Amino acid sequence: MKKLFITTVFALGSLTAFAQEEQATEAQDTATEAVAQEEFSEVALEEVPEAVTAMVESNYPGATINKAHKNEANQYKLEVSLEDGTSGALIVDEEGNAIEQ
């Protein structure tokens with residue numbers, strides 16, 4: 001009987017620890033996303049380097065850059081819309097290389 005009780009206590013304690021760890025990880029992910037969004041500030045489309053616009057034109061023919069944002073690391077977050085009406089965001093460096101986030 002003692003073994004059953006002790007086993008139950010350890011099992012419940014383990015589950016509680018895992019649940020708390022998952023909540024902490026989710027909170028950290030949300031905070032990281034908020035900071036990443038705040039780092040970019042909007043810039044005029046004319047300020048976007050030619051290498052970046054050339055990359056968009058070659059990889060997404062017919063795409064239009066609607067807005068551009070830049071961070072301190074000279075990375076650009078571009079809001080792009082395609083001819084078929086779909087839109088999305090791209091993050092590239094100043095040389096036109098895609099950055100995965």
Side-chain angles (χ1 to χ4, degrees):
M1 189 68 175
K2 284 183 182 181
K3 289 181 182 180
L4 179 61
F5 179 73
I6 292 172
T7 304
T8 304
V9 169
F10 281 125
L12 290 175
S14 298
L15 291 175
T16 304
F18 286 123
Q20 290 174 348
E21 183 178 313
E22 184 176 317
Q23 289 174 350
T25 303
E26 289 175 2
Q28 183 179 5
D29 290 344
T30 304
T32 302
E33 288 176 14
V35 169
Q37 294 295 328
E38 293 174 6
E39 290 178 3
F40 287 92
S41 58
E42 190 168 355
V43 295
L45 295 178
E46 296 81 30
E47 294 180 36
V48 177
E50 180 63 32
V52 173
T53 56
M55 186 281 295
V56 172
E57 290 172 0
S58 66
N59 291 324
Y60 306 97
T64 304
I65 300 174
N66 300 322
K67 288 186 181 180
H69 300 81
K70 181 181 174 182
N71 66 9
E72 292 177 2
N74 289 329
Q75 297 172 337
Y76 291 84
K77 180 178 178 182
L78 308 171
E79 294 179 20
V80 179
S81 57
L82 302 176
E83 290 178 331
D84 66 0
T86 59
S87 61
L90 302 171
I91 299 179
V92 298
D93 64 14
E94 62 188 339
E95 297 171 357
N97 301 314
I99 299 172
E100 294 194 26
Q101 298 263 334

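Count residues from 1 along the sequence. Since the model is a prediction, treat every value here as computed from it, not as a measurement.
- Contact detail for Leu90 and Val80: the closest heavy-atom pair is CD1-CG2, 3.9 Å.
- Across all non-hydrogen atoms, the minimal contact from Ala63 to Val56 is CB-CG1, 4.1 Å.
- Nearest heavy-atom pair across Asn66 and Ser81 is ND2-OG, 3.2 Å.
- Of all heavy-atom pairs spanning Tyr76 and Phe40, the tightest one is C-CE2, 4.1 Å.
- With values rounded to the nearest 0.5 angstrom, Glu57 atom CD is found 7.5 Å from Ile65 atom CD1.
- Distance check, rounded to the nearest 0.5 Å: CD of Glu72 to OG of Ser41 gives 8.5 Å.
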Met55 and Glu95: side chain to side chain contact (heavy atoms under 4.5 Å, CB included), yes or no, with the steps?
-> CA-CA 9 Å; Met55 186 281 295; Glu95 297 171 357; over 6 Å; no

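- Residue Gly62 comes nearest to Glu83 through the heavy atom pair O-CG, 3.4 Å, listed as atom of the first residue, atom of the second, then distance.
- Residues Leu78 and Leu45 share a hydrophobic cluster, clusters being chains of Ile/Leu/Val/Met/Phe/Trp/Tyr side chains in contact below 4.5 Å.
- The backbone N or O of Leu82 sits nowhere less than 3.5 Å from a side-chain atom of Thr86 that would complete a donor-acceptor pair.
- Taking all atoms of both residues into account, the shortest heavy-atom contact from Ala68 to Val48 is CB-CG2, 3.5 Å.
- With rounding to the nearest 0.5 Å, the separation of CD in Gln75 from CD in Glu39 is 8.5 Å.
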